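Report on the following structure.
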Amino acid sequence: MSKSTDQTMQQIVSLCRRRAFIFQSSEIYGGLNGCWDYGPMGVELKRNIKALWWRDLVTRRTDIEGVDCSILMNAKVWEASGHVQSFTDPMVDCLQCRGRFRADHIVNNQCPTCGTKDKFTEVRHFNLMFKTFVGAMEDNSSQVFLRPETCQGIFANFDNVVNTCRVKIPFGMAQIGKAFRNEINPRNFTFRSREFEQMEMEFFCRPDKEEANKWFEYWKTERYNWYLKYGIRKERLHLRTHDQNELAHYAAGCADIEYDFPFGRAELEGIANRTDYDLKRHAEFSKKDLSYFDQAANARYYPYVIEPSAGADRATLAFLVDAYVEEAERTVLRFHPEVAPVKVAVFPLVNKEGMPEMAEKIFLDLKKYWNCYFDDKGAVGRRYRRQDEIGTPYCITVDGESVKSNSVTVRERDSMAQVRISVGELVNHLSKTLTSGV
Ligand code: GAP
């Protein structure tokens with residue numbers, strides 16, 4: 001990492017802490033590597049991103065159903081999915097300094113920490129799933145895993161949804177939820193964590209190469225455009241199709257949506273053609289017929305699956321990094337209004353002459369529509385800067401003129417332009433950009 005990109009990342013991490021976006025997990029005890037807590041600003045930001053994903057993929061569509069499955073599942077799920085056998089990293093220990101490394105990251109057979117050559121243990125395969133036990137017995141029969149991906153809950157419920165909802169292929173099932181991976185080397189702030197959230201959608205279609213390819217292309221474009229729609233800079237967003245030798249064992253095709261983070265270009269989301277691999281494996285391991293009867297075609301088959309799989313924490317980090325701008329006089333997060341954690345801040349210019357009462361009433365009225373912030377402390381310029389740093393699109397100031405003419409000034413974050421609006425017109429005025437609210 002070059003010094004300037006390193007500094008940018010450090011500044012973003014420091015802003016996240018200072019402005020209550022993201023804290024280290026259990027910080028008072030020295031933290032826990034790979035785990036993060038979202039503060040009052042961060043939780044709003046991440047909830048907005050998840051809500052926009054859910055709105056655009058589930059509630060605004062007619063062909064996708066949502067589910068919310070448990071994190072702990074029958075251990076057989078992970079045998080069927082292939083995770084018990086192959087969700088592993090190859091590891092070696094340095095016999096000199098006892099450091100542990102991924103075998104494929106060792107260059108010239110030299111220890112990256114102490115420099116010793118040719119002194120490693122045999123390669124051992126380390127499974128990335130967290131293990132725990134259900135019930136009072138801690139033995140093999142009660143061992144379960146914290147799910148390392150959310151999509152297996154969708155496959156396990158495919159038949160339930162087909163039998164209870166009026167779905168017809170092509171259709172999708174979507175889920176947002178926690179996933180856990182015992183990453184060997186969590187790094188780059190929240191980018192690679194041990195506990196994180198996924199936003200996954202499995203789109204089932206006819207098991208026909210052309211049909212699957214059509215939906216694969218469709219979802220690549222949809223998902224790429226989704227990030228652009230909420231303001232991610234196009235020049236930093238890339239679609240990369242995987243080479244044949246990069247594909248996971250279950251995939252017939254895969255493309256990554258990548259973002260240029262300060263620490264380099266890295267994966268935000270993967271779109272994969274998983275074929276009929278998962279449903280067939282679950283049918284084999286559960287001994288249940290999970291095939292689908294297509295009435296229109298009068299045929300029974302195992303559908304193919306196209307899967308856009310995104311990380312909610314990675315998306316949140318990308319929106320933060322992308323919005324971050326340092327100007328001569330201020331640091332500002334230029335969030336898209338629907339992404340911004342706080343939509344409107346309300347300030348009384350001074351704490352007298354009826355201004356605080358009027359400002360508080362406006363604040364409480366606007367709170368019925370949007371997440372708002374009230375600030376009556378310090379110089380108004382500093383209050384603006386504070387809101388700029390959390391990316392609030394509008395600041396409303398109640399001044400002496402307000403009390404006389406029932407009007408306020410509305411300052412727009414990016415242009416810093418101010419207009420005077422009558423109080424009765426405020427909701428209309430703000431609704432032009434602050435749409436339905438998520
Ligand atoms: N069901 C397919 C699947 O899980 P993946 O590429 O392993 O595919 C999908 O994960 C997405 O989940 C990634 O693109 C990333 O956004 C997020 N993700 C995966 N591992 C992560 C980690 N350790 N920390 C944060 N996000 C992660």
Side-chain angles (χ1 to χ4, degrees), residues 16 19-22 36-71 149-151 153-154 171-179 190 193 195-203 219 222-232 237 257 259 268-271 307-323 333-345 366-373 387 390-394 413 427 430-438:
C16 282
R19 292 295 178 220
F21 281 95
I22 302 172
W36 300 94
D37 293 343
Y38 288 80
M41 292 306 134
V43 70
E44 291 295 335
L45 173 66
K46 188 168 150 187
R47 279 172 65 99
N48 288 345
I49 291 165
K50 290 188 289 183
L52 291 167
W53 186 93
W54 193 263
R55 185 180 79 181
D56 291 345
L57 272 85
V58 182
T59 51
R60 280 196 178 168
R61 291 187 66 111
T62 54
D63 56 355
I64 301 181
E65 303 289 332
V67 288
D68 182 9
C69 309
S70 61
I71 287 170
E149 59 179 13
T150 58
C151 64
I154 294 181
F171 77 92
M173 288 171 65
Q175 169 162 224
I176 298 179
K178 289 266 186 180
T190 57
S193 315
E195 174 176 341
F196 55 96
E197 267 184 287
Q198 287 188 316
M199 309 188 285
E200 297 202 293
M201 196 275 288
E202 309 302 312
F203 197 80
W219 283 111
E222 276 290 299
R223 294 303 304 144
Y224 181 83
N225 288 338
W226 187 81
Y227 292 97
L228 297 182
K229 179 171 160 192
Y230 297 110
I232 294 282
L237 195 68
I257 298 175
Y259 179 77
L268 260 188
E269 166 161 356
I271 298 111
E307 174 197 66
S309 170
D313 307 85
R314 278 197 196 169
T316 303
L317 186 60
F319 278 104
L320 268 165
V321 165
D322 206 74
L333 290 179
R334 293 179 182 259
F335 286 130
H336 183 284
E338 291 208 271
V339 170
V342 174
K343 314 296 183 193
V344 186
L366 293 180
K367 245 178 127 44
K368 292 177 198 148
Y369 301 88
W370 301 291
N371 191 30
C372 299
Y373 194 100
Q387 295 305 316
I390 60 170
T392 306
Y394 296 104
R413 178 195 65 207
V427 171
L430 297 169
S431 296
K432 286 179 197 149
T433 42
L434 303 178
T435 47
S436 54
V438 285

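Index from 1, following the sequence. Fair warning: this is a prediction, and the values are worked out from it, not measured in the lab.
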* Structure fact -> Across all chains, not counting sequence neighbours, the side-chain hydrogen bond (donor to acceptor under 3.5 Å, both in side chains) partners of E269 are R223, Y227
* To do: Mind checking side-chain hydrogen bond (donor to acceptor under 3.5 Å, both in side chains) for Y230 and listing every partner two or more places apart, or none if nothing turns up?
  =>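 Checked Y230 against side-chain hydrogen bond (donor to acceptor under 3.5 Å, both in side chains); matches are R55, D56.
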Backbone N or O of [Y] within a donor-acceptor pair of the [X] side chain at under 3.5 Å?
| X | Y | result |
| --- | --- | --- |
| K343 | E338 | yes |
| Q175 | C69 | yes |
| D313 | E197 | yes |

When rounded to the nearest 0.5 angstrom, what is the spacing between [atom1] in [X] and [atom2] in [Y]?
| X | Y | atom1 | atom2 | result |
| --- | --- | --- | --- | --- |
| L57 | M201 | CG | CE | 5.5 Å |
| S309 | W219 | OG | CH2 | 13.5 Å |
| R19 | Q387 | CZ | CD | 8.5 Å |

Looking at every non-hydrogen atom in both residues, tell me the closest pair between [X] and [Y] and how far apart they are.
| X | Y | answer |
| --- | --- | --- |
| E200 | C151 | OE1-N, 2.6 Å |
| F335 | I390 | CE1-O, 3.6 Å |
| I22 | L320 | CD1-CD1, 4.2 Å |

* Establish, from distance only, whether the side-chain atoms of Y38 and T316 form a donor-acceptor pair under 3.5 Å. => no
* Parallel, tilted or perpendicular, as decided by the 30° and 60° cut-offs, for the rings of W226 and F319 ->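 Perpendicular: the ring planes of F319 and W226 meet at over 60°.
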* Within-4.5 Å side-chain heavy-atom neighbours: F21 and P341 ->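 A side-chain contact under 4.5 Å exists here.
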